[in-house]
Every structure is written in structure tokens, then in C-alpha cells.
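Below is one structure, written out as C-alpha cells, with a few remarks after it.
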Amino acid sequence: MNTEHDILRMRELEHLLDYHSHKYYVENNPEISDREFDELLRELQDLEAKYPNEADPNSPTKRVGSDLTTEFVSVEHRYPMMSLSNTYSSEELGEWIERITNDIGKVEFVVELKFDGTAISLTYENGALLRAVTRGDGRRGDDVTNNVRTIGSVPLKLRGEGYPTLFEIRGEIIMPYASFDRLNREREAAGEPLLANPRNAAAGTLKQQSSQVVAHRGLECTLYQLAGEELSFERHSESLEAARSWGFNISRHTAICRSRDEIEAFIEYWDSRRRELPYATDGIVIKVNSYAQQRTLGSTAKSPRWAVAYKFQAERALTKLLSVDFQVGRTGAVTPVANLEPVQLAGTVVRRASIHNADQIAALDIRIGDMVYVEKGGEIIPKITDVELSERKADSKPFEYITHCPECGSELVRVEGEAKHFCPNSKGCKPQIIGRIVHFVGRKAMDIEGLGGETIELLWESGLLSNIADIYALDSNKIAALPRLGAKSAANIQQGVNNSKDVPFERVLFALGIRFVGETTAKYIASHFRTLDAIMAATRQELAEAEEVGDKIAESIIEYFADPINRDIIERLRSYGLQFVAMERRQHSDVLNGKNVVISGKFIGRSRDDMKALVEAHGGRNIAAVSANVDFIVAGENMGPAKRQKAEKLGITILNEEEFFAMISAADKRSGAAAKEGITEGAEESAARGDIQESNTPQEVVQGSLF
């Protein structure tokens, strides 16, 4: 592959991973399996290692997917909640164990069941539950304390003695099969749609606005990791025993292993026995037991190096393919979905499964009436993986893929090099129209509260909404008159619409839904051209000069603005007062212009985001990893030893906090107070990007690194 193709693939992978992270963490409606997601992530990691200068500081490899909502107060984690790297085979697990033993020698492991629920962090002060916070984006999560207090297995006050004055304990909120089955029976009797699986049911329940509803649904909580500055344990296993004595629900299904054979014996045992458990599990977690060795191994930007998850092979079942439906997305992409004879699989009843595209149907030779094997990738997403040919009827006929859109009847097209068929009727096909509007109002785009998918469809069917510009001409009285809405809903929608006029230009550009222009690419384009008029007037060559933009994206942008209907929508949006010009960023000095800077360690009174904002405010560029193109490193306390060693080997200058501030103070002649003002202005933007750089984060200066 040539360089241009590789870089274009990086941008595509970033978009795909951001999309699937949103589906998984925010919507609780994933479209691909855990393994498929990990494969995409690994491909991006490999490309970033090959082209470090092209790596996006907001890359999905640097962040943990987010489950933040607007319904709860957002709280910053005292110690970041990291995610685990996954392995899927004995060979991959063996390679991980070998790396660990090569780095630190003789090692003892703790192996535990991997619970299939939603992550939670509980904070206790003076022996009482203070706060319960979801994982969120790894740095901030939602405060769900009131809901968690309804879970019987969460102690409100601790027992025994010896617990620290202030500490955190992390684990998983799960919905047992018994609660899940009871809830679905109730929903079926009430004519409500059934819940997909226990994991999504647990996550959705935890976000309910009524704690009474949460209490009724029968959640449980199991804990597996401690952190705090007053912990005195030498081993992870000791901390678990102490936590159990304080009243926490700590799983008894754990073991201490001293060899690969012992670990694999534990995995083999539970791979066959896990179906006897009253709750869902999807793997085994293996952790280095010694906290000293954990600190030596450290962490990457995304995951601790001292722990890994072994994922069980997906369970599969044999059932009959009854029919195939076709769904149309906002870009016009057509996706086939199989309707199945209901079958029990991994604790849930499966009725529908993914087939992806025409190529997969042809490759598997799937036919209506076939007995097919269905798997749940990562025990979440049902998909057809094979056909039992021995049970195929003699009169079966090959499947004929549709030639016309199932929604509007337009003849489908297939672009060379792409797997899916597309409906070209972007202006008259209902799901495309509604999908574009849903994208426009999304949280990372215009963030218009009150306009969910069902409301948008109702407005469309009522003739009040046909494109994104119509949002700003909505009549509150007409909205209030519609079924299921009313005056209060109309007022909330109107307020959300008015607030969206202050959304910055880069998000407006992303909200337009230009194909291949994701959130990150929109930021780079907005920064490069500064105005929408400049983008609309740019040639293909000029567009391709912007960072993140290749020929494919440039062509897509030109096609979008060449459409007279799109240009009319743009002019209407302009007349309603949307932001079409990028805000000027205040730069304190140019002392760091052209400089690549790595921020590492813990700083006094400032977060790493604050420090990175200062770098940008003085013209510098933040880099995630140490490499030959780094000009200098600003090192706080507890800089990672591996990072320091690599910097010294490459001869990179390492500045401490005082030296860094002396450098920028001499350049701009500002007082310390003025420098703090620069932090405030830049920190919000840095936080919005969600940067998580590879470094020794605060969890490495306390006992018990967290994930």
C-alpha cells in the first residue's frame, strides 16, 4: 500500500471506531462485535506506529469510548478509568505472559471472571457511600449515586475496620438472567419492545431517571479493584480479601496462578461452566498480583500493561432463516438483516441477525429456509456465520439481492471498491432524510435537546420538517399540537434550537453530514480554512492541502457543495445565525511555534489538559508518544521510566515544570496569573477533544491502578 492510501485508511478507521464507540457506549446499540472492533483498533494502532506524524491526538486509540448523557451531572474521575486489552486465543495470551515475564521476571497472577455489565466507580468516605460514577469517557462519568443506592449488593455503610478514610472501588453493574427474563416478560405483556441482552439492560437501567424503576429491575453489583492514597496492600489479592471483609460483593470465582498452564486450566474450566452462572460473563481477566510490579509495567494511553482480558469464543446456535429485511441508513447504505426462527443464545432469545452485505450472502450462499449458524460476537451482536448444508432442502433457490431501494423504489447503485449497495435518492428517501436530521441534532454536532429520532420522524410525517434548515423555522404552536408532545416539549425544543446557534463552526461543519467528514476531520478543515465560504470556494487541490483531507474527502466535499439543494440549505442556515466562521484562538506567544511537545507525568495544581492547552497557546503542538520528531518533553512527577529512558536514548531535552514556565514567561512577559488565564481559555477545548496521552497518569502514584 502507498502512503496516501494508508493515511486515508487511518482517517476511515478513526471515523468507523468513533461511530461504533458511540453506538456501543452512548446508544447501547452496537452494530459490530467486540472482536471486530478490536481488529479495527489494532489496524489503526499499526498504521499510527508506521506513520507517527499522521496520528491524530484524538484518535480512538487514545481514548476510552464514552457513555455520557445530558441527563446526569458529569463528574471527573479522581483516577482515570482505563479499559483492558483483549486476547482471543491461547497464542495471544501466551505472548502477553511472555512479555510480562521478560520485563519483570517471576510473576504471580490473579485470574477472575469478566462480568458482562456496565462499569461503575464507587467512592467511600468515612465508611459511607459518597458517590457512584459511570465510566463515561474514562476521565469523566455520570453521577448515578441515587440509582446505585437502590442496588442491594452495594453497601451504603461499610462493615469491619481498617478501611481508608477516602478511597474508590470499581466493578461492574450487572443484570442477572432471572431479572432480565422477568423484565422481558413484563414488557411483552405490556406490549413494549423486548430488551436485547442483560448487558444493555443493565446500562439502560442505570441511566433511568426514576430510582424506583431501577430498584424494581433487580440489578446487582460486583467489585474487583481498589484505589486510594491510604491503601497499604502489597498485592491485589490482599486488597480483594480486605474489601470483602468490609462488606463488598467480591466474586469468589478467582484464583492465584503462577504459570500459563494454571491460567489456561482456569479458562478451560469456566469456558464450559459459565453457562451455569446466574449472570453473563464473556471472558477471564488476568492481572499481575504485585502492586510494585504493576507500577513497573505501567500503562499505555488506553490500557494497563499489567492486565489483559481473555475473551471466550462466541457461542453459536442453529436456527432457520425465515426472511431478509433491508434497512437504509442516512448515507443511503443498504444493510440486509436476517429474520430468524427464535433461538436461545448466550442468555437471550435471538430473532434477528446481521448479514452485512451482498458479498457475504454470496460467500456463504445463504438462502431463505436454510438452517444457519448464528453467533453473538462478543456475546452481543447476533450474526450469521455459516450454513448447515446437510439440512438444505432440494428445491432451495439462490438468494437474489434487491435491485431497488425498499423505502423509495430507486434503483440501487454500488460504488467501485465499496461493499454496500446505496440508494442514490438522497433527497426523497425517508430514512436518509430523517437520518441526516438525527445526525445534525446529535450531541457531538448541534446538540439540540428534545429532538430525538421518534420526534424527528413525527415532525417529518406532519410536514413540519423536511431538511436540517427547517429545524430553525419550526413553529412552537404547531409542535405543541402534535401527539405525544405538548407545550412543554415544544418549549424545550425551541430552547435547544436557539442554543444551537452558538455551537462553534467546526461542529456545524461536522453536523452537515458531508460523507467522510467526521468530527476530527471537520476540526482540521475548519482550522485550515476558517470560514465556510472559503471551504465552498476551495478547489480539489486546495482542499487536499488541509490536514486530514485526501482526494476522496476532497471529492466528497466538492460534490456536497455543488448540489444546489445543499447550497440553498446552507444559505438558510446562514440566515438563521449559525456559526460559519471559526473563532480566533488567542495565542500568547510564538515561542513554541513549530515545536512538538510531549506532556508526561503529574503536575502541581494543573492537569495534563491544562499543560497541553498552554503548549497550544504558545504555538506548540502536543504529541502523544516519544519519537525522534519530538523537540522536548515537559515532565511532571512520576514520569514513566520507559518514556524517560527512550527520551534519553534519543537525546530529547526534558524540562521540569519550573523550566517550562520560565520559558513561556520569558517569551510573553506575563505574570503567573495571566498564564493561568491562558490555561482556562485552552483547557475547555482540550477537554472537549478528549485527549488521553500515553503517560504515567495519576492512578500510578496510588496503590491499585484502575481500569
Side-chain angles (χ1 to χ4, degrees), residues 52-53 55 57-58 62-63 76-80 138-140 229 298-299 301 527 583-702:
N53 291 340
N58 294 323
K62 305 296 193 295
R63 66 185 289 268
E76 185 172 359
H77 291 298
R78 187 171 185 180
Y79 315 113
R139 294 187 305 166
R140 300 184 68 86
E229 298 176 1
S299 302
S527 177
M583 294 176 61
E584 291 295 333
R585 296 179 184 175
R586 181 180 180 185
Q587 184 166 323
H588 291 271
S589 78
D590 59 0
V591 67
L592 301 182
N593 276 3
K595 301 293 185 183
N596 293 328
V597 183
V598 170
I599 301 294
S600 181
K602 183 179 180 181
F603 299 92
I604 300 172
R606 296 177 176 87
S607 68
R608 288 193 307 282
D609 280 340
D610 292 341
M611 297 297 289
K612 289 187 291 182
L614 274 177
V615 169
E616 294 177 357
H618 290 271
R621 181 184 182 190
N622 288 293
I623 301 296
V626 176
S627 62
N629 70 328
V630 171
D631 293 289
F632 65 86
I633 297 173
V634 182
E637 297 179 2
N638 299 289
M639 176 183 176
K643 183 172 287 187
R644 182 179 291 275
Q645 184 178 8
K646 185 174 182 180
E648 292 172 348
K649 183 178 179 180
L650 293 172
I652 298 172
T653 300
I654 300 177
L655 303 179
N656 61 31
E657 191 171 352
E658 291 75 19
E659 291 169 332
F660 173 68
F661 278 102
M663 174 191 293
I664 61 176
S665 294
D668 60 16
K669 305 296 183 183
R670 295 179 181 273
S671 66
K676 288 182 180 179
E677 180 184 343
I679 294 174
T680 302
E681 293 179 358
E684 181 177 345
E685 179 184 352
S686 184
R689 288 198 307 266
D691 295 334
I692 302 178
Q693 306 290 357
E694 179 174 354
S695 65
N696 277 15
T697 47
Q699 79 274 13
E700 294 183 284
V701 301
V702 298

_Gap separating the CG atom of Asp590 from the NZ atom of Lys595, nearest 0.5 angstrom_ = 11.5 Å
*asked:* Under the rule for side chain to side chain donor-acceptor pair (under 3.5 Å), what residues qualify as partners of Asn656, not counting sequence neighbours?
replied: none
*asked:* The criterion is side chain to side chain contact (heavy atoms under 4.5 Å, CB included); which residues satisfy it with Leu650, sequence neighbours excluded?
replied: Val626, Lys646, Ile652
*Minimum heavy-atom distance Ile633-Ala647, with the two atoms named*: CD1-CB, 3.5 Å
*List the steps and the verdict of side chain to side chain contact (heavy atoms under 4.5 Å, CB included) for Met611 and Val597.*
CA-CA 10 Å; Met611 297 297 289; Val597 183; over 6 Å; no
*Whether Asp631 side chain and Asn596 backbone form a donor-acceptor pair below 3.5 Å*: yes
*asked:* To the nearest 0.5 Å, what is the distance between CZ on Arg140 and CD on Glu76?
replied: 5.5 Å
*What distance do Glu659 atom CD and Phe632 atom CZ have between them, rounded to the nearest 0.5 Å?*
10.5 Å
*Residue pair Ala635 / Ile654: nearest heavy atoms and the distance that separates them*: CB-CG2, 3.7 Å
